[in-house]
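Below you'll find the structure I mean.
All values below come from the heavy atoms of this structure, side chains included, with hydrogens, waters and symmetry mates left out. Residue numbers start from 1 in every chain, and the chains themselves are labelled A, B, ... in the order their sequence lines are given, proteins ahead of strands.
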Amino acid sequence: MKVKGQRSFIIGCSSTAFIKPRGLRTTEDMGLEAGTKALLDAGLTYDDIETAFVGYCYGDSTSGQRALYNLGMTGIPIINVNNNCSTGSTALYQANNLVKSGLVDCALALGFERMSPGSIQVGTNFPDRPSPVGLFSERTKELEALMTAGTNFGPEAPRMFANAGQEYFEKYGGSIEHLASIASKNHKHSVNNPYSQFRNGWTKEQVLQAPKINNQLTKFMCSPTSDGAACCIVASEDFVHAHRLENQAIEIVAQALETDQPLAFEGRSAMEVVGYGMSERCADKVFQQAGFHEGEGRDQVGVIELHDCFASNELITYAALGLCMPDEAHKLVERGDNTYGGKYVVNPSGGLEAKGHPLGATGLGMHFFITMQLRGWAGPMQAPALFEGADKRGKYGLIHNIGIGGAVVISLLRRPEFYKPGGEDGRIRLGYNHAHECRPITRADVYKVKSKRSSAYVLKRAKL
Amino acid sequence: MKVKGQRSFIIGCGCTAFIKPRGLRTTEDMGLEAGTKALLDAGLTYDAIETAFVGFCYGDSTSGQRALYNLGMTGIPITNVNNNCSTGSTALYQANNLVKSGLVDCALALGFERMSPGSLGTNFPDRPSPIALFNERTKELEASMTAGSNFGPGAPRMFANAGQEYFEKYGGSIEHLASIASKNHKHSVNNPYSQFRNGWTKEQVLQAPKINNQLTKFMCSPTSDGAACCIVASEDFVHAHGLENQAIEIVAQALETDQPLAFDGRSAMEVVGYGMTKRCADKVFEQAGFREGEGRDQVGVIELHDCFASNELITYAALGICMPDEAHKLVERGDNTYGGKYVVNPSGGLEAKGHPLGATGLGMHFYITMQLRDWAGPMQAPALFEGADKRGKYGLIHNIGIGGAAVISLLRRPEFYKPGGEDGRIRLGYNHAYECRSVTHADVYKVKSKKSSAYVLEHAKL
């Protein structure tokens, strides 16, 4: 794929609280909240949106339209998309491509999920047919015979990531202690995040003592199922200047979406099954897109949101992203280079483990949190020292979002050279700093952003 | 949305038989068949594909990857998409945008569906349906029409109400619906891909079991299993691969969603997307360079969304191929079949051919591409290439989903089109425009990527 194209920027973004799934909120209501906040953040109305992509895994088709029709019925192209756990970033990737290509100046990416409680069950909504991820589950189980921990147990998703962790331990070192350290780090970060599902701040000991899910993972090393929504608005440079968004526009400098290669099945590797190679190849492409030589650029990243669906995936992803050598991910943990005071702040939001994981929303939430970091708005979550170098654009933010089946999306974000804080920005327009305060929206908020072309027949159903 | 961009062409396409849903085939197997045929048609391997979009409504996420991984695991971006009944065209719309924009030279759009028998239902009974408001609104409007309350399953009911509104405003009756349905069923006799090839007469259609006040069973599309695939490429790619003998240009295409009139109009026709179709058609003809209201008579052959016969009726008007109050007269004149002004649904349409949601829109583009290549054999619309302009007439596709979205495309032979030499018929070994065969392992081996996995492909049932 050609990567040249126009520059593109996240100009508005938002999230709802991520909550335990109890069927309390509809996806149309959560989508309305996230969409409204993102439009307010950017100072736009829905009439400015030229096309939209809506990501979700569970729910009938056209759930995207049902949510967006609350904001307006303007006839714009709307497409529902999914890619398992990387659904949210997949929606953003489509929006970004449309802007980069010059086909539109302003595109919206919305993601939401309303889940069933408990573990992500494979194939539960379509029990009449083989699961599309069946081969991944099959392969990871075959590989257990090659590892010292032997046969594993428990639900399929944590099992495959636990096996990947086990392979890492056997190849390079480290142990469940490192997983507990990662999980505790994320749970502690989450205490600062009012959007998070869990704000318990579990210690390493508490993580280790939690109920065992399988041979490697305890409950607190696992992301929960969650309900929630998030939204990002992407725009061209012309649009940024026309709407005077130089005080908050964050550039998507590079982005790629990568799928599996044969090694996922043909490698004798549980790490490959869960997309280690996919992440590595994607990261290499993204850093190359950003203009770096092979293997370089990682030390220009300051803050990261990556896909810790299970703590073992965070561990191996440090290596896959190239933040450390392939055999040193556990050393990175020991050095504390994954939290405040260390080289990178990884998952300042609390990550999936603590913040929650509503599949369609997660990737967009990651971009929300990193955008806020790079705006310097993140308050108690703020990674320090992002803007202290000679280059006023400061450090990069990196997002990594992966789904088994599969697809991984990686983005490198950064302040553009024309970035100039000051004056009215999203914090003034919302009336609070939504980077680190989580509030619901009001009808007045919706009225500020909805299209001239909207239908009371739809909006009267909204529960805010 | 800016519509300028590179030119884009359908260079390869393939389809499976559409069959009654009995859970006999997996979506990965049907997708493998359609993808293999499309690649063979275009003379490519999967390594030529730079990105893919896979449309389906029913099935867990990443069903697209599961199907395409049969052909190769090349790391390309793959996105699963849906838009109810316009899912297939939505996948194509994405592929087309990526090529038009210049971001890629060659993109693949695959669509498939494996459905439950009977009427459309939900797999998520724990939450309100995203189309509930459409169902609600159409029922409210029954009170303002002479037929009164309707009955039966939700989807046919809303389209029946749209037909009722047309009758009350403009004329026509169930007789016209029967005529449309019979026309489609007769066309279908020539289509070996079709689910139904009974060729029902108008009388047989009228005598079929009533589904509601306006529609009988034979005026309704069935649920179906099936897959279809289209490959879109840039002009540079067409020339580099010597595909001037089969590349059909996507001259114009648009995807349109609902406006407030869908709910706020006092119109059952608006509820089912009449206005959405009309706005989309106007945009597409404008994209193609025509002035407002013009261009329709340069179309020769059409595949449109006859999920129910009443939708075909009102769609004639929405597309602008007749005045808003003359759709039933178009039927009476026979301007919707061979010998008339347009051949509408030469494939048999959804009513007879079948309607696997994710595949349907891509199937429509397959049939129109074959018409414009002049390969369609017994289904061939005559007189497409008899004017002064060697590009011949346009083909038009209309694909709509409640919820909603409409996709309309105008296809045409490009000025450089030159039949002759090796083309998809030679490469497949038969003319797949009007012969339906399965694929063999040898076929798959011709098109699969160098980067593929036996671990996946060994599961394929061909």
Worksheet item: Which is it for A/F136 and A/D260 under the side chain to side chain contact (heavy atoms under 4.5 Å, CB included) test, yes or no, and what are the steps along the way?
Response: CA-CA 11 Å; A/F136 293 86; A/D260 294 284; 3.5 Å; yes
Practice prompt. For B/Q6 and B/D105, run side-chain hydrogen bond (donor to acceptor under 3.5 Å, both in side chains): C-alpha distance rounded to whole Å, both residues' side-chain angles, the deciding distance at 0.1 Å, then the answer.
Written response: CA-CA 10 Å; B/Q6 298 195 119; B/D105 280 307; 4.6 Å; no
Worksheet entry | Pair B/H355-B/T223, side chain to side chain contact (heavy atoms under 4.5 Å, CB included): steps then yes or no | CA-CA 6 Å; B/H355 183 26; B/T223 45; over 6 Å; no
Practice prompt. Report yes or no: do B/N80 and A/N83 form a side-chain donor-acceptor pair below 3.5 Å?
Written response: yes
Item to complete: Please look at B/A132 and chain A and tell me whether the side chain, the backbone, both or neither of the residue comes under 4.5 angstrom of a heavy atom of that chain.
Response: neither
Worksheet item: Between A/R461, A/Q94, A/R114, which residue shows the highest count of heavy-atom pairs closer than 4.5 Å to chain B?
Response: A/R114
Item to complete: Applying salt bridge (charged side-chain N to carboxylate O under 4.0 Å, His left out), name anything that partners B/E256, two or more places apart in sequence or on another chain.
Response: B/R279, B/K283
Worksheet item: Picking from A/N80, A/I78, A/T74, which has the most non-hydrogen pairs under 4.5 angstrom with chain B?
Response: A/N80
Worksheet entry | Most chain B-contacting option - heavy-atom pairs closer than 4.5 Å, from A/G23, A/C57, A/G59 | A/G59
Practice prompt. Go through B/G59, B/A405, B/P128, B/S63 and name the one with the most non-hydrogen pairs under 4.5 angstrom from chain A.
Written response: B/G59
Worksheet item: Based on non-hydrogen pairs under 4.5 Å, which of B/A67, B/A107, B/G404, B/S129 is most in contact with chain A?
Response: B/G404
Worksheet item: A/E266 and B/K451: salt bridge (charged side-chain N to carboxylate O under 4.0 Å, His left out), yes or no, with the steps?
Response: CA-CA 11 Å; A/E266 311 283 338; B/K451 270 187 263 187; over 6 Å; no
Discussion item. Under a 4.5 Å cutoff for heavy-atom pairs, which residue among B/T62, B/T79, B/N123 has the most contacts with chain A?
Written reply: B/T62
Fill in: chain A contact via B/V456 - which portion, at a heavy-atom distance below 4.5 Å
both
Fill in: Side-chain ion pair, B/E270 and B/R137, N-O less than 4.0 Å
no
Discussion item. At a heavy-atom distance under 4.5 Å, which candidate from A/L98, A/I404, A/T259 has the highest pair count against chain B?
Written reply: A/T259
Worksheet item: Using a cut-off of under 4.5 Å for heavy-atom pairs, which of B/G55, B/S86, B/C280, B/G403 has the most such pairs with chain A?
Response: B/G403
Practice prompt. Name the region of B/Q259, side chain, backbone, both or neither, that has any atom closer than 4.5 Å to a heavy atom of chain A.
Written response: both
Worksheet item: A/E142: what forms a side-chain hydrogen bond (donor to acceptor under 3.5 Å, both in side chains) with it, not counting sequence neighbours?
Response: A/R139, B/Y455
Discussion item. Below 4.5 Å, heavy-atom pairs only: which of B/D126, B/I76, B/V407, B/T90 has the largest tally toward chain A?
Written reply: B/I76
Worksheet item: Do B/Y69 and A/F265 have ring centres separated by under 6.0 Å?
Response: no
Worksheet entry | Results of salt bridge (charged side-chain N to carboxylate O under 4.0 Å, His left out) for B/E286 - residues two or more places apart only | none
Worksheet item: What option among A/L257, A/N97, A/N82 has the most heavy-atom pairs under 4.5 Å with chain B?
Response: A/N82
Worksheet item: Can you say whether B/S452 sits under 4.5 Å from chain A via the side chain, the backbone, both, or neither, judging by heavy atoms?
Response: backbone
Discussion item. Taking NZ in A/K285 as the centre, count heavy atoms belonging to other residues, nucleotides or ligands within less than 6.0 Å. Is the count above 12?
Written reply: yes
Fill in: Choice from A/I76, A/L263, A/T51, A/V408 maximising heavy atom contacts with chain B below 4.5 Å
A/I76
Worksheet item: If we ignore angles and hydrogens, is there a donor and acceptor under 3.5 Å between the side chains of B/T26 and B/D29?
Response: yes
Worksheet item: For chain B, which residues of residues 451-459 of chain A have at least one non-hydrogen atom nearer than 4.5 Å to it?
Response: A/R453, A/S454, A/S455, A/A456, A/Y457, A/V458
Worksheet item: Which of the residues B/S101, B/G75, B/C57 is involved in the greatest number of heavy-atom pairs with chain A at under 4.5 angstrom?
Response: B/G75
Practice prompt. Would you indicate whether B/K461, at its atom NZ, is surrounded by more than 12 heavy atoms from other residues, nucleotides or ligands within a distance under 6.0 Å?
Written response: no
Worksheet item: Which bit of B/Y93 is near chain A, if near means a heavy-atom gap under 4.5 Å: side chain, backbone, both or neither?
Response: side chain
Practice prompt. Tell me, with the steps shown, if B/N82 and B/T87 meet side-chain hydrogen bond (donor to acceptor under 3.5 Å, both in side chains).
Written response: CA-CA 5 Å; B/N82 62 81; B/T87 288; 5.4 Å; no
